[in-house]
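Taking it in order: structure first as structure tokens, then the write-up.
Just so you know, ligand 1 is whichever comes first in the structure, and atom 1 is the first atom listed for that ligand.
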Amino acid sequence: MSHRISLTQYLIEQQRGPAQLPSQLRLLIEVVARACKTIAISVNKGALGDVLGTAGSENVQGEVQKKLDIIANEVLIEANEWGGHLAAMASEEMDDIHVVPNRYPQGEYLLLFDPLDGSSNIDVNVSIGTIFSVLKHSDGHAVSTSSFLQPGTAQVAAGYCVYGPQSTLVLTVGQGVVMFTLDREQGSWVLTQDKLQIPEDTKEFAINMSNMRHWAPPVKRYIDECLAGKEGVRGKDFNMRWVASMVADVHRILTRGGIFMYPWDQREPNKPGKLRLMYEANPMSFLVEQAGGASTNGLQRIMDMQPTQLHERVSVVLGSKNEVERVTAYHREAQ
Ligand code: AHG
Ligand code: MN
Ligand code: MN
């Protein structure tokens, strides 16, 4: 059997290599990966584990919570709060930050997560996932919500796990992007792809087309040009995919290229977009950029944005570099 590299081995190599990954950050990533393993097992049980359906509650964004949203959130909190590597956590499913209780030592990292991404796909057995972002808490003050309000460029690690036909963990610590696949028999994450690279060009786009009539003109222009195919200005036919789980759409883009958009639309003009900056857009942007892609809100690089709120939303355009630059140029021209 060829030599298999486990997540632990990869992280220890990162500790010894040029990245000099701090041991507390290594521990944090291992704990998150272990929690994702637990979530993967619950997801796989489905109806047999009584994890499908709604929980009968709403989160801070007024969205109905599914049982798995709450289960995944609890798994991540319980796994992470006692290890001494974190100061606090924030999640899509919690109104306020969760400070590590006094009975445990406080570490110097902040963890943000979307515990269960793609909730509308839980009950229909389509890929879902967990997204996470890690920041450093180093300002010397007691941890508070404002400690979290750092731009995406401050992230020290980010990743996601997709619970699909396979469970895969995709990670960056700022040294490129790597992918691990869960070996269920061994219970371990095994490195299955190193140095993921997004092709600069693509013929595949991902957007919820049912919102077309509400889009801003630059988005409409870009998609119209894709739809015009070979006969249009682009001179090539495009394909469309929309899983409605950002993890699955981004995973496809990291694997074979493409562009993903969840843009602002005119139904709620004061809402910048649907997706959340701190625990969806920022970690995905970090991964995409580390894989040679690009990520903007249509006008500016997402990772440069200064967050003002924990649950802030943002318009998202990410994926193959040349396509993202084209969409961004269309927005700038329209200004
Ligand atoms: P979540 O389940 O964490 O609320 O996120 C769902 C998001 C994202 O994963 C996906 O790309 C998008 O919502 C799908 O939205 P539509 O249902 O509007 O297509
Ligand atoms: Mn989500
Ligand atoms: Mn979610």
(message) For ligand 1, which is the ligand I care about here, please tell me if Asn208 has any N or O atom under 3.5 Å from one of the ligand's N or O atoms.
(response) yes
(request) State yes or no: do Met94 and Ile39 share one hydrophobic cluster built from I, L, V, M, F, W and Y residues joined by side-chain heavy-atom distances below 4.5 Å, directly or via other members? (result) yes
(message) Tell me if the aromatic rings of His251 and Tyr160 count as close, with their centers under 6.0 Å from one another.
(response) yes
(request) Check whether any side-chain heavy atom of Tyr330 sits under 4.5 Å from a side-chain heavy atom of Glu225, and report yes or no. (result) yes
(message) Using a plain distance cutoff, I'd like to know if Ser245 has any nitrogen or oxygen under 3.5 Å from a nitrogen or oxygen of ligand 1.
(response) no
(message) I'd like to check which ligand 1 atoms, numbered from 1 as shown, lie under 4.0 Å from a non-hydrogen atom of Lys274.
(response) 12 (C), 13 (O), 14 (C), 15 (O), 16 (P), 17 (O), 18 (O)
(message) Between Ser320 and Glu200, do the side chains contain a donor N or O and an acceptor N or O under 3.5 Å apart?
(response) no
(request) Taking only heavy atoms of Ser119 into account, list the atoms of ligand 1 that are under 4.0 Å away from them. (result) 2 (O)
(message) Show every salt bridge (charged side-chain N to carboxylate O under 4.0 Å, His left out) that has at least one partner inside residues 142-157, sequence neighbours left out.
(response) none
(request) Could you list which atoms of ligand 1 come closer than 4.0 Å to a heavy atom of Asp114? (result) 3 (O)
(request) Provide the atom name of the closest N, O or S atom of Glu280 relative to the Mn ion (ligand 2). (result) OE2
(request) Measure the distances from the heavy atoms of Arg276 to every atom of ligand 1 and state whether one is below 4.0 angstrom. (result) yes
(request) Using a strict 4.0 Å threshold on nitrogen-to-oxygen distance, state whether Lys271 and Asp265 make a salt bridge. (result) no
(request) Please indicate whether Asn208 has more than 12 foreign heavy atoms, meaning atoms of other residues, nucleotides or ligands, lying under 6.0 Å from its CG. (result) yes
(message) Could you identify the single nearest non-hydrogen protein atom to atom 18 (O) of ligand 1 and state the distance to 0.1 Å?
(response) Tyr262 OH, 2.5 Å
(request) Check each atom of ligand 1 against the heavy atoms of Leu116 and keep those under 4.0 Å away; list them by number with element. (result) 2 (O), 3 (O)
(message) Would Asn211 count as a polar contact of ligand 1, with the cut-off being nitrogen or oxygen pairs under 3.5 Å?
(response) no
(message) Salt bridge check, Asp50 against Lys67: does any charged N sit closer than 4.0 Å to a carboxylate O?
(response) yes
(request) Assign the ring pair His311 / Tyr279 to parallel, tilted or perpendicular, where the plane angle (0 to 90°) is split at 30° and 60°. (result) perpendicular
(request) Give the numbers and elements of all ligand 1 atoms closer than 4.0 Å to a heavy atom of Glu280. (result) 3 (O), 5 (O)
(message) Under a 3.5 Å threshold, yes or no: a donor from one side chain and an acceptor from the other, between Thr328 and Thr296?
(response) yes
(request) Identify which protein N/O/S atoms are less than 2.8 Å from the Mn ion (ligand 3). (result) Glu92 OE1, Asp114 OD1, Leu116 O
(message) We want to know whether Asp69 and Ser119 form a side-chain donor-acceptor pair, criterion being a heavy-atom distance below 3.5 angstrom.
(response) yes
(message) Within this structure, what is the CZ-NE2 distance for the pair Arg267 and His214, rounded to the nearest 0.5 Å?
(response) 4.5 Å
(request) Mark up the atoms of ligand 1 that fall under 4.0 Å of a heavy atom belonging to Leu275, in ascending order. (result) 7 (C), 8 (C)
(message) With a cutoff of 4.0 Å, is Gly118 in contact with ligand 1, counting heavy atoms of the residue only?
(response) yes
(message) Is there a ring-ring contact (aromatic ring centres under 6.0 Å, His included) between Tyr222 and Phe205? Walk through the geometry before answering.
(response) CA-CA 10 Å; Tyr222 175 78; Phe205 64 85; 7.2 Å; no
(message) Could you walk me through whether Phe260 and Trp242 satisfy the ring-ring contact (aromatic ring centres under 6.0 Å, His included) test, starting with their C-alpha distance in whole Å, then the side-chain angles of each, then the deciding distance to 0.1 Å, before giving a yes or no?
(response) CA-CA 9 Å; Phe260 169 95; Trp242 184 250; 5.4 Å; yes
(request) Tell me which protein heavy atom sits closest to atom 5 (O) of ligand 1, plus the residue, atom name and distance to 0.1 Å. (result) Asp117 OD1, 3.2 Å
(request) Return the residue, atom name and 0.1 Å-rounded distance of the protein heavy atom closest to atom 11 (O) of ligand 1. (result) Met246 N, 3.5 Å
(request) Kindly confirm or rule out an N or O of Asp249 lying under 3.5 angstrom from an N or O of ligand 1. (result) no
